[in-house]
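Report on one structure; see the data block that follows.
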Amino acid sequence: MEEKRCVTMDKIVNLCKSRGIIFPGSEIYGGMGNTWDYGPVGVEIKNNIKRCWWKRFVQENPSSYGVDAAILMNSRVWEASGHTTSFSDPMMDCKDCKSRHRADNLIEAHSKGAVNPDVMTNEEMQEYIEKHHVCCPRCGNCNWTPIRQFNLMFKTSRGVTEDNQNVIYLRPETAQGEFVNFQNVQRTTRAKVPFGIAQIGKAFRNEITPGNFIFRTIEFEQMEHQWFCKEGTDLAYYDEFKKKAWDFLTDLGFSPDHLRYKDHDKLAHYAKCACDIQYLFPMGWSELNGIHNRTNYDLSRHQEFSGKTMLYNDPLTNEKYIPFVIEYSIGADRLMLATLSEAYDEEALEGGDTRVVMHFHPAVAAYKCAILPLQKNLSDKAREVFSSLSKKFMVTYDDAGSIGKRYRRQDEIGTPYCITIDFDTLENDTVTVRDRDTMEQIRLPISELEAFINEKIAFN
Ligand code: GAP
């Protein structure tokens with residue numbers, strides 16, 4: 001039986017705006033299409049998502065190393081990687097309303113997913129659009145320009161003159177910062193193949209049709225991990241990373257029913273095999289992350305374009321070779337949207353009320369607990385508890401309104417524990433601890449709170 005989920009994109013967007021999770025970018029100036037600003041709650045959640053990822057893929061892997069490379073790179077990097085010539089989407093303009101669209105998206109929407117444009121050439125797409133009278137989703141007319149490839153890289157220029165020699169790009173993926181540092185990392189860590197290089201950072205793409213809130217934006221963060229291995233071992237590591245990427249999501253609390261693997265039908269210019277993990281977003285199944293077997297394409301191209309060797313010298317066999325790369329790449333903002341969608345719930349309460357509750361994994365929740373003095377004259381004791389726990393993790397404080405309303409506010413931002421300071425606290429140094437998911441309350445000594453919460457918020 002198909003599961004009925006109450007989450008919709010509108011509910012997520014509204015909750016994010018009203019609870020300080022995500023605001024429209026540059027809002028007081030009327031906004032700036034498809035840019036978003038993370039608010040006080042959102043920045044904590046996103047940082048926690050990034051921390052969990054880093055812990056799993058860098059901290060817990062003795063053979064993985066982190067870098068934080070520059071966003072602006074030498075333009076030769078993008079020539080070597082193939083982005084200057086091949087990082088483009090098939091674009092069409094509506095001659096009547098002047099709106100701009102991706103031909104592949106038009107076909108996918110028109111055929112309701114029955115036709116796969118990934119395996120079509122531009123000519124085949126053009127023919128399909130004409131034959132099936134695929135109309136402009138904005139004005140309804142069918143008056144298109146021919147398809148042309150549109151490069152997604154944002155260009156800017158360095159220095160004071162705006163000539164072609166000074167053109168540089170905002171990086172469209174973080175991966176190249178890992179490849180160009182392959183020798184630096186290997187030399188300084190004395191890592192032996194296989195080993196990994198990971199990075200979390202901003203990427204920029206001039207997407208033709210961004211949208212669906214933070215799903216596809218022009219500025220976003222990627223979490224990427226390149227695993228350098230010997231040719232011949234690549235397929236086994238490809239399978240291993242498919243599993244690791246899946247396990248990371250289920251360990252964060254994602255239901256396996258909302259996840260599925262999807263092999264790529266059309267491979268990128270560098271890939272031997274590639275697949276996505278798709279998530280059942282409120283708007284339907286869509287890519288959440290990718291796992292790509294990039295072969296030794298990137299390192300070979302950087303060797304060719306930079307003139308610097310990318311050979312690895314195997315100390316055991318004395319063999320020299322350019323390693324293959326298994327890439328695992330996931331957008332932090334896209335994972336944020338998936339996390340919000342997965343956590344969202346509306347629960348009927350006794351008495352006819354409904355509560356909105358975000359069932360985040362406690363490691364991801366913005367605040368690990370909320371300190372709620374039952375009455376304002378208990379604030380000295382409550383502040384004392386806040387001040388000791390906030391040295392250990394993010395804690396919030398709320399003394400406004402009835403205790404019931406305060407619980408609801410914390411449920412809506414997914415705070416796993418509410419700690420109420422009452423008059424008994426003054427007598428015996430104990431507090432009530434309410435569990436977000438079960439709404440059950442237990443009484444605990446203040447001295448045990450830190451250990452209790454620390455145990456619950458671990459991400460293993
Ligand atoms: N280095 C490989 C690479 O960049 P990709 O499939 O283009 O591969 C990897 O991107 C991940 O980055 C995607 O699975 C998605 O999570 C995220 N991503 C890509 N484009 C995005 C966009 N415009 N907005 C938000 N996230 C995006």
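First listed ligand is number 1; within each ligand, the first listed atom is number 1. No experiment lies behind these values; they were computed from the predicted model shown.
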(request) Could I get the full list of salt bridge (Lys or Arg N to Asp or Glu O under 4.0 Å) partners for Glu108, not counting sequence neighbours? (result) none
(message) The criterion is salt bridge (Lys or Arg N to Asp or Glu O under 4.0 Å); which residues satisfy it with Glu123, sequence neighbours excluded?
(response) none
(request) Test His225 against Glu178 for side chain to side chain donor-acceptor pair (under 3.5 Å), laying out the working first. (result) CA-CA 8 Å; His225 184 275; Glu178 298 162 307; over 6 Å; no
(request) Give the protein residues with at least one non-hydrogen atom closer than 4.0 Å to an atom of ligand 1, ordered by chain and number. (result) Glu173, Ala175, Arg205, Glu207, Phe215, Arg216, Thr217, Phe220, Gln222, Glu224, Glu287, Leu288, Asn289, Gly290, His292, Arg294, Glu327, Ser329, Ile330, Gly331, Arg334
Acceptor/donor pairs from residues 317-324 side chains to any protein atom, 3.5 angstrom cut, sequence neighbours excluded:
| unit_1 | atom_1 | unit_2 | atom_2 | d |
| --- | --- | --- | --- | --- |
| Thr317 | OG1 | Glu319 | N | 3.2 |
| Thr317 | OG1 | Glu319 | OE1 | 3.3 |
| Glu319 | OE1 | Lys230 | NZ | 2.7 |
| Glu319 | OE2 | Lys230 | NZ | 3.4 |

(message) I'd like to know if the side chain of Lys392 reaches the main chain of Ile453, judged simply by a donor and an acceptor atom lying under 3.5 Å from each other, with no hydrogens or angles considered.
(response) no
(request) Please confirm whether Lys368 makes a cation-pi placement over Phe393, using NZ or CZ under 6.0 Å from the six-membered ring centre and within 45° of the ring normal. (result) no
